[in-house]
Amino acid sequence: MDDLNRNCVLLFDEMSLSSGFHYKAHKQTITGFEDLDHLGRSSQAANHALVFMARGVRKAWKQVVAYYLTCDTIPSIHLKNIIIKVIDALQKIGLKVVATVCVQGPTNQGALRQLCFNNREKPTSYHFVVNNQSVCTIYDVPHLLKNTRHALLRCEIQFEPGKVAKFEYIEKAFHLDKQKRAYSLLPKLNQSHFNFSDSFLKMKVKVAAAQLSHSMTAAIEIFVSSGDLPAEAIYTAEFVETIDKLLDSLNGFGFDSSKEFYRALSENSPHLAFWSNMLVQLSQWKLITRDAGKDVTKQYAFIEGWQITIRSIIDIWNRLKQEGFKYLSLRSVNQDPLENLFGLVRQRGVRNTNPTCHQFIAALKTSVVNNLSNISTNDNCENDNCSPLSNLTSFLEGCYDNPQNLDVIDYKEFVPESTSNIEDNQATAYVTGYLLHKIVIPDCDACKKTFLSGEVTNKHIFVNFKEHGNATTNLIYASEKAITTLDQIHNRLYEYLEYCGHLQQIENKFKELNKELFNSLINTCSEHNTAESFINNCIRLTIYKYVREKKV
């Protein structure tokens, strides 16, 4: 790659999952537990996926690089370690990570604050160092816009001395527009957009953008001039115009827009002077409660989020233009590609609107292999127009090899309901016979004596009834030793999985712990591996049964 095209930002965000378990036999691992890779797995059920994606700053490329399964929100200290590990891995292949991009959640703030605090040589609130390379911190601008609107819903914002913005004037301007005009001044807004009990609509960026837009500024100014709104509403119009310009300046691209700030950053563009002025103004903002008139500015983080993001972009621009950048598309430093990826994952089947860990991983791989092609537009963010560096298909080769050469068995056939001891013995005998039938007992006296019963006992009543009920069947009457082995494996393995089910290589570890039990069976025949094959299939069947029965 061209050196300039190696510059990128690292996006990361969480996606909510539903809890559920699935056994990956080829990896001997149960998916569904919290899995932080090098930081280890835990016995807690995972309900979120933390995904990292690299995105080109100059050239429009993107690449999913890592995912982790977490229980609720990941601790800040763990997130800090993961960020360093991912950036280090990207640097080792020649990419230059100039910034991280994320939403301004408490966990993200905590992790990034720790990273910046550890920068001893030149401590700032907006950058840290990995392997002597400076990495800035950017909070996703569309989410900062939503946070600003949320704050305005709850409080009045004093943005300059004597100037206060109130959301009530935004809502009144909307209602006046619908009442008085045949053609709307605010066509992108409707009544449902002011129903804030609907959390889904409340989270939509396009709604917040329409409520804090240049069109809203113009509408309020018209209604103030006509006397429909009081004179103080003009301050709200001024605040809305400021936010509209701020959003444009941090989210612009190209050079063709009629809005001067909704363009790429260049040496002669007005962005830098505007941002310098905004940093001064943001430091003076105050949030005042409507009822008590109390200053609650410190309870909100979005003001600091705007400040950190502006300072980071100024720092990035100063470094990149020294490398040879003539302009910088600000659209390339938001997390729209990651939001679009989550939209793709949720489109992989109806149930994937709230996928389990296994469904998420499968959908993520499918999306990556399909080059992250958009199926439909995610109306909560823009089309990112980025192409993947690689679809990673080389990683799929051989990943489903069966290292133990186990026989193909329909493990899902046997998930018996709770039974009495007598019924349990009958079911165990039947399942044991099924396993023996699948592995095929060789014509060997030692193997037959070990695994087959020479007579019908009281444990074979169900097998006997099954055979007489269907003359075409050829059921196997398992020996007492084989039935007992399956029963012992079932009991021991269930107890083991309750404490160690989140570990990897669970089959091998379980066999090592119980090798004395298994050796007594394996040593019955030195010529064939019938016993080993039987044990392996007993273990795998029991794990599948455990996973299907396990409740979160």
Closest heavy-atom contact between Ala173 and Leu229? CB-CD1, 4.3 Å
Under 3.5 Å donor-acceptor, Gln211 side chain and His193 backbone: yes
Phe33-Phe21 aromatic ring centre distance below 6.0 Å: yes
Apply side-chain contact (heavy atoms from CB on, under 4.5 Å) to the pair Tyr235 and Glu160, showing each step before the final yes or no. CA-CA 9 Å; Tyr235 298 138; Glu160 286 185 22; over 6 Å; no
Has Arg149 got a side-chain atom pairing as donor or acceptor with Ala209's backbone, closer than 3.5 angstrom? no
Are side-chain heavy atoms of Trp285 and Thr297 found at a separation under 4.5 Å? no
Side-chain touch Met15/Arg346, heavy atoms, less than 4.5 angstrom: yes
Shortest non-hydrogen contact between Pro355 and Phe360, atoms and distance: CB-N, 3.9 Å
Would you name the heavy atoms of Glu323 and Asn7 that are closest together and state the gap between them? OE1-ND2, 3.3 Å
Is the NZ atom of Lys85 crowded by more than 12 outside heavy atoms at less than 6.0 Å? no
Test item: Lys188 and Lys206 side chains (from C-beta on) under 4.5 Å apart, heavy atoms: no
Using the rule given for side-chain contact (heavy atoms from CB on, under 4.5 Å), can you reason through Gln191 versus Lys178, listing the C-alpha separation, both sets of side-chain angles and the distance that settles it, and then say yes or no? CA-CA 9 Å; Gln191 185 59 52; Lys178 297 306 177 188; over 6 Å; no
From Ser269 atom OG to Tyr327 atom OH, the distance as rounded to the nearest 0.5 Å: 13.0 Å
Criterion side chain to side chain donor-acceptor pair (under 3.5 Å) against Asp248, the qualifying member of Lys259, Arg263, His271: Lys259
Does any N or O in the side chain of Gln104 come within less than 3.5 Å of the main-chain N or O of Ala301, such that one atom is a donor and the other an acceptor? yes
On a heavy-atom basis, which atom in Pro388 and which in Gln63 lie closest, and how many Å separate them? C-OE1, 4.0 Å
When you check the side-chain N and O atoms of Ser184 and Asp177, is any donor under 3.5 Å from an acceptor? yes
For side-chain contact (heavy atoms from CB on, under 4.5 Å), just list the numbers for Tyr126 and Ile310, CA-CA rounded to whole Å, side-chain angles, deciding distance to a tenth of an Å, and then say yes or no. CA-CA 9 Å; Tyr126 61 88; Ile310 291 172; over 6 Å; no
Can you tell me how far CG of Leu185 sits from CD1 of Ile222, rounded to the nearest 0.5 angstrom? 5.0 Å
Verify, without hydrogens or angle tests, whether Ser329 (side chain) and Phe253 (backbone) share a donor-acceptor contact under 3.5 angstrom. no
So, Ser276 side chain and Ala273 main chain: donor-acceptor pair closer than 3.5 Å or not? no
For Asn47 and Asp72, indicate whether the former's side chain and the latter's backbone hold a donor-acceptor pair under 3.5 Å. yes
Between His22 and Ile361, is any pair of side-chain heavy atoms under 4.5 Å apart? no
Quick one, Leu330 and Val141 - any side-chain contact, counting heavy atoms below 4.5 Å? no
Counting C-beta onward and ignoring hydrogens, is there a side-chain heavy-atom pair between His48 and Thr73 closer than 4.5 Å? no
Does CG in Asn318 sit with more than 12 non-hydrogen atoms of other residues, nucleotides or ligands closer than 6.0 Å? yes
First locate atom NZ of Lys24, then atom OG1 of Thr31, and finally report the distance between them rounded to the nearest 0.5 Å. 4.0 Å
Do Arg311 and Asp315 pass the salt bridge (Lys or Arg N to Asp or Glu O under 4.0 Å) test, and can you show the C-alpha distance, the side-chain angles, and the key distance before you say yes or no? CA-CA 6 Å; Arg311 289 191 174 103; Asp315 184 86; over 6 Å; no
Verify, without hydrogens or angle tests, whether Asn147 (side chain) and Phe302 (backbone) share a donor-acceptor contact under 3.5 angstrom. no
Between Trp61 and Cys8, is there a donor-acceptor pair closer than 3.5 Å when you use the side chain of the first and the backbone of the second? no
Are Glu339 and Asp13 close enough that some pair of their side-chain heavy atoms sits under 4.5 Å apart? yes
So do Glu232 and Val164 actually touch side chain to side chain, heavy atoms under 4.5 Å? no
Does atom CZ (Phe261) have a neighbourhood of more than 12 heavy atoms from anything else shown, all under 6.0 Å? yes
Using every non-hydrogen atom in the two residues, find where Lys80 and Ala111 come nearest and quote the distance to one decimal. N-CB, 3.9 Å
Assess whether atom NZ of Lys166 is packed by more than 12 heavy atoms of other residues, nucleotides or ligands within 6.0 Å. yes
For the CG atom of Leu250 and the CH2 atom of Trp275, what is their distance to the nearest 0.5 Å? 5.5 Å
Around atom CG of Asn132, are there more than 12 heavy atoms from other residues, nucleotides or ligands closer than 6.0 Å? no
Does atom NZ of Lys96 have more than 12 heavy-atom neighbours from other groups under 6.0 Å away? yes
Report the C-alpha separation of Val9 and Ile316 in whole Å, then their side-chain angles, then the decisive distance to 0.1 Å, and conclude whether the side-chain contact (heavy atoms from CB on, under 4.5 Å) test is met. CA-CA 11 Å; Val9 292; Ile316 292 169; 5.6 Å; no
Just how far is it from atom NZ of Lys59 to atom OG of Ser387, taken to the nearest 0.5 Å? 8.5 Å
Ile303 and Leu287: which non-hydrogen atoms are nearest, and at how many Å? CD1-CD1, 3.5 Å
In this structure, CG of Leu282 is separated from CG of Asn277 (nearest 0.5 Å) by 9.5 Å
Are the side chain of Ser283 and the backbone of Val280 linked by a donor-acceptor contact shorter than 3.5 Å? yes
Donor-acceptor check, side chain of Arg331 to backbone of Gly252, threshold 3.5 angstrom: yes or no? no
